[in-house]
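Scroll down for the structure; my scribbles are underneath it.
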Amino acid sequence: DAPRALLALEGISAGYEAGLVLSDFSLEVGAGEVVTLLGANGAGKSTVLRAVSGLVPVVGGRILWQGQQIGSGKLSRVERIAHTGLGHVPEGRGIFPDLSVRENLRMGYFARGEGTGQGDDEWERVLEMFPILKERFAQRAGSLSGGQQQMLAIARALIGMPKLLMLDEPSLGLAPLVSEQVFEKLREIVAGGVSVLLVEQNAHAALELADRGYVIQRGRVAISGTADELRADSRLSESYLAVH
Ligand code: ATP
């Protein structure tokens, strides 16, 4: 038997009231795989992640999680995150600036289901992984640097013990050195066995981390392949790799 994909989008159509953004869009992430989704601004990358999280309705095709169909409306967003092992770090990080670092992290813990005791070990493990957050525990999240806020958003998702972590432009707005630190952390997370679906504007950095990638154009897959194939693809070097 072929190994079953952790996540499979099969010809999905999805979008907003104003109109469909994705049409007949397909993508797979295998267990333990790092997959990157590249494309121009407005191509629909964030919409793909939102469709998986249940934040935008899927009106055609289907999404399979570990072989089981998840449909919009069947599982609420919170349930997906809590019970299915799906972590979503949205663009702009989605942290609560007026809450402390600790309170922000607790949101991830609640999402997993407080009282189950399931998150207790994870809480300690994640704090060890991000010593800077431990140091700033009581500080307002909004007073952290951009890189630290991104680390906080990733740490919060990890406390929910995801099997798959979806990241939307984690390096956006960060200085190159800080962006490199974020990618270093992602490498650690991947080494720990978490699968990743990464939306990135920095195609070079993304393809260094990824096993495979897809290029999305106007809501459809335009190019897909292994990271090596994509790096060597002249269509990519013209449109994406050259500019960064
Ligand atoms: P970017 O890198 O700019 O975030 P993206 O590839 O992630 O681009 P999406 O954010 O998925 O693109 O947006 C795809 C299309 O959907 C764009 O035309 C955008 O204007 C539109 N869109 C995004 N969010 C909404 C929304 N909340 N309501 C209506 N249209 C939206």
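Counting starts at 1 for both ligands and their atoms, following the listed order. Position 1 is the first residue of the sequence, and the numbers go up from there.
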One finds that the ligand 1 atoms under 4.0 Å from a non-hydrogen atom of N41 are 2 (O), 3 (O), 8 (O)

Would you mind running through ligand 1 and noting each atom that sits below 4.0 Å from a heavy atom of A40? 6 (O)

Of the protein's non-hydrogen atoms, which lies at the shortest distance from atom 17 (C) of ligand 1, and what is that distance? G42 O, 3.8 Å

Can you tell me which residue and heavy atom of the protein come closest to atom 4 (O) of ligand 1, and the distance to 0.1 Å? E91 OE1, 3.3 Å

What is the closest protein heavy atom to atom 5 (P) of ligand 1, and at what distance does it sit? K45 N, 3.4 Å

May I ask whether L207 and L172 are part of the same hydrophobic cluster, defined by side-chain heavy atoms of I, L, V, M, F, W, Y residues being less than 4.5 angstrom apart, directly or through others? no

For atom 13 (O) of ligand 1, the protein heavy atom that lies nearest, with its residue and separation: T47 OG1, 3.8 Å

Which pair of non-hydrogen atoms, one from L230 and one from Y214, has the smallest distance, and what is that distance? CD1-N, 4.2 Å

For ligand 1, is there an atom lying under 4.0 Å from some heavy atom of G19? no

Flag, side chain of K45 to backbone of I216, donor-acceptor distance under 3.5 Å: no

Give a yes or no answer on whether the side chain of E33 reaches the backbone of V35 with a donor-acceptor pair at less than 3.5 Å. no

Judging by distance only, is a nitrogen or oxygen of G44 under 3.5 angstrom from one on ligand 1? yes

Decide whether V182 and L105 are clustered together by the hydrophobic rule: side chain heavy atoms of Ile, Leu, Val, Met, Phe, Trp, Tyr closer than 4.5 Å, transitively. yes

Is Q201 in contact with ligand 1, taking contact as a heavy-atom separation below 4.0 Å? no

Sub-4.0 Å heavy-atom contact, E169 with ligand 1: yes

Any idea which protein heavy atom is nearest atom 21 (C) of ligand 1, and the distance to it? Y16 CE1, 4.1 Å

Is there a continuous path of hydrophobic side-chain contacts, each under 4.5 Å between heavy atoms, that joins L165 to L209? yes

Yes or no: does G39 have any heavy atom under 4.0 Å from an atom of ligand 1? no

Contact between I223 and L38 at the side-chain level, heavy atoms closer than 4.5 Å - yes or no? no

Do L64 and L86 share a hydrophobic cluster (ILVMFWY, side-chain heavy atoms under 4.5 Å, transitive)? no

Neighbour count above 12 (heavy atom, 6.0 Å) for R218 CZ: no

As a check for students: among G219, S46, A51, identify the option with a heavy atom nearest to atom 10 (O) of ligand 1. S46

Can a protein heavy atom be found under 4.0 Å away from atom 19 (C) of ligand 1? no

Okay, side chain of N104, backbone of F96: is any donor-acceptor separation there less than 3.5 Å? yes

State whether the shortest distance between N or O atoms of V21 and N or O atoms of ligand 1 falls below 3.5 angstrom. no

